[in-house]
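Each remark here refers to the structure printed beneath this line.
Note: hydrogens, waters and symmetry copies are ignored here, and every other heavy atom, side chains too, is used. Every chain is numbered from 1, with letters handed out A, B, ... down the list of sequences.
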Protein chains: 2
Amino acid sequence: MTVSRVLRNRGDVSDATRARVLEAAKRLGYVPNKIAGALASSRVNLVAVVIPSLSNQVFPEVMTGITSVLDDTPLQPVVGVTNYLPEREEAVLYEMLSWRPTGVIIAGLEHTEAAIAMLRGAGIPVVEVMDVDGAPVDSVVGISHRRAGRMMAQEILQAGYRRIGFMGTKMPLDHRARKRFEGFTDALAKAGVEIADRQFYSGGSGIAKGREMTEAMLNRTPDLDFIYYSNDMIGAGGLLHCMTHGIDVPGRIGLAGFNGMEIVDGFPLRLATMDSCRLEIGREAARIIAEHADAAGTPGAGAGERIELQPTLSLGDTLRRG
Amino acid sequence: MTVSRVLRNRGDVSDATRARVLEAAKRLGYVPNKIAGALASSRVNLVAVVIPSLSNQVFPEVMTGITSVLDDTPLQPVVGVTNYLPEREEAVLYEMLSWRPTGVIIAGLEHTEAAIAMLRGAGIPVVEVMDVDGAPVDSVVGISHRRAGRMMAQEILQAGYRRIGFMGTKMPLDHRARKRFEGFTDALAKAGVEIADRQFYSGGSGIAKGREMTEAMLNRTPDLDFIYYSNDMIGAGGLLHCMTHGIDVPGRIGLAGFNGMEIVDGFPLRLATMDSCRLEIGREAARIIAEHADAAGTPGAGAGERIELQPTLSLGDTLRRG
DNA sequence: ATGAAAGCGCTAACAG
DNA sequence: CTGTTAGCGCTTTCAT
């Protein structure tokens, strides 16, 4: 009836009635039932966001990018967390799709077959984010982690370092970290250099862990002249170890991390790192969904965009110039 | 019809039919429409979580606590971010309530009148989290920030520090930080001590900011013998400044932060801090909602629990023993 | 153990 | 401009 029109500012309604309805709604503390509305209109202003974790700083930042764009639209993000488990991802995705969202933003390109089938069949725009090394279902926005690994390797080699160690999480399911590692070792191999030491750890990536492990690695392989960390947090830990033990960085040993996190700017010596463009990734992904929101539900709802962002490498103070 | 029964494992269905239905569902890639389901059953397995920000580490951790409990239930969290703006909070809340969630977890005790009215009228369990200093709508789980500020002040005084500085964000809307500050200055006042210097900054709480501001404050008020930071991030920055400038901590100057964040354990000198129990807060809040999920919608849906957690103070290495 | 029928609270077309 | 009428895709209840 008319009430519906008023509440949605649609159709022609006289100011008098409008006022009357509004007043009544406020007085009754009326909150419309979106469930019924969505069912009737088959329009749901929700965007499903599926990410592996909230503990890893990186994802909240992607979320921030997403939110900043969606805030100017009627769309609202809904977050699902998978803990890096493919089966959780499948379950979370199923759950979210059953609410018939306007679009999906999902981290990574690796999903179970069932998950891919669901994404394909959903008939809504899908944006896979963070990574571009693989075959997307629909749109994709991210960086090439393989390339990022290669770039860092080249920079390190060019600076003259040769006894290079690597430190990263033992997460076979963190495909992006794996791809960086692969790109890194590939580029080294091309120059005839092999990783001199490596350490894969499990559990969170804290500064404390970076300190301990760096100390251990340096004890084990004293002639290392570089350590590449799979993220800035453990990298910061390594840097802290060197700083407090009077180890000359980047002279005696060079260090580099990954992500371009805020913490890097906090240290008196800035860790070499590579920006992973996560704010931008979130923004672009949200933009794609927003632009194709109307298409949701219609055949060919996808956007099929492919946006590869270019991470910038910053040498900071821990990687001497080549 | 029967299909519905199979998909929800309800009622008696013969194994043969069940198998047939399941097979067909899989083959067609059928995803049930929860919108219709929710409308028909007026049961929605969503828990609205309303928080001020995702950039502030603290909230993702609360989320992690919430998720860890809800994962064992059919309930799913849905996050809304308010950016510390009361009007955004109101809008986000309205939006979320219109989906008729099973419960609401919302940060803080300060809300607009309209928001409070909505929470009251929603007829579902509401848990206000993080803070217990105030009047809750229904349940509340958190710590007393006023008390936390007082405790830290007492500890500092007892250790013999007298020229005390304070550093915190300039956010009139961050009520918890404000309450800590009030508790802190109150306790000092009781001992006849006044804050010797203070600095309220705007923008994010980075380590870099902590370094700069500590340097500035120390230049401005050279005889300070203690700085209390409103969070561990800027505290870590301050500590870093002291470490790299050969300032004796905790002899020449003592330092303390707040939150008990992971970064504290990463430094060779552990910052004095106070655990804000955020994982536990998330868990308890989720538990309350889960336990009262069935009551949602019925009159008297609230749980009315009040859980005040006790933050533990750790002196670390930057606050000498009293 | 299965089918049929009546809504859930809205929106979308159409009449007045 | 405002009221009426069908559904949206499920769950629920009641028959069979």
Counting side-chain heavy atoms from C-beta on, which of [options] comes nearest to [X]?
{"X": "A:Tyr30", "options": "C:dC10, D:dC10, C:dA12", "result": "C:dC10"}
{"X": "B:Thr17", "options": "D:dC10, C:dT2, C:dC10", "result": "C:dT2"}
{"X": "A:Ala40", "options": "C:dA12, C:dG9, D:dT11", "result": "C:dG9"}
{"X": "B:Ala36", "options": "D:dT11, D:dG9, D:dT2", "result": "D:dG9"}
{"X": "B:Leu39", "options": "D:dT12, C:dC10, D:dG9", "result": "D:dG9"}

Next item on the list: Measure the shortest side-chain to side-chain distance between A:Val31 and B:Arg100 over non-hydrogen atoms and say whether it is less than 4.5 angstrom.
Entry: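 Yes; the side chains approach each other to less than 4.5 Å.
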
Notebook entry, point to check: So, do A:Arg120 and A:Ile116 sit near enough that their side-chain heavy atoms are less than 4.5 Å apart?
Noted result: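 The answer is yes; the side chains approach within 4.5 Å.
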
Can you measure [X] atom [atom1] to [N] atom [atom2] for me and round it to whole angstrom units?
{"X": "B:Arg100", "N": "D:dC10", "atom1": "CZ", "atom2": "C1'", "answer": "18 Å"}
{"X": "B:Lys34", "N": "D:dG9", "atom1": "NZ", "atom2": "P", "answer": "17 Å"}
{"X": "B:Trp99", "N": "C:dC10", "atom1": "CH2", "atom2": "C1'", "answer": "12 Å"}
{"X": "B:Ile35", "N": "C:dT11", "atom1": "CD1", "atom2": "C1'", "answer": "13 Å"}

Note to self: Under a 4.0 Å threshold between the charged nitrogen and the carboxylate oxygen, would B:Glu23 count as salt-bridged to B:Arg20?
What the structure shows: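 No salt bridge links B:Arg20 with B:Glu23.
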
Next item on the list: List the steps and the verdict of side chain to side chain donor-acceptor pair (under 3.5 Å) for A:Gln57 and A:Asn259.
Entry: CA-CA 10 Å; A:Gln57 271 289 177; A:Asn259 261 335; over 6 Å; no

Next item on the list: Would you sort out whether A:Leu93 and A:His111 count as a side-chain contact (heavy atoms from CB on, under 4.5 Å), showing the intermediate values?
Entry: CA-CA 11 Å; A:Leu93 198 55; A:His111 315 291; over 6 Å; no

Note to self: At 4.0 Å (heavy atoms only), tell me whether B:Ser42 reaches a base, stays on the sugar-phosphate, or touches nothing.
What the structure shows: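 If one applies the 4.0 Å heavy-atom cut-off, B:Ser42 turns out to touch nothing in the nucleic acid.
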
Notebook entry, point to check: Which heavy atom in B:Val78 sits nearest to a heavy atom in B:Met96, and how many Å separate them?
Noted result: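 Shortest heavy-atom contact: CG1-CE, 3.3 Å.
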
Notebook entry, point to check: Using the C1' atoms of five pairs at each end, what's the angle between the two axes of the helix from C:dA1-D:dT16 to C:dG16-D:dC1, to 10 degrees?
Noted result: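 Helix axis angle between the two ends: 40°.
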
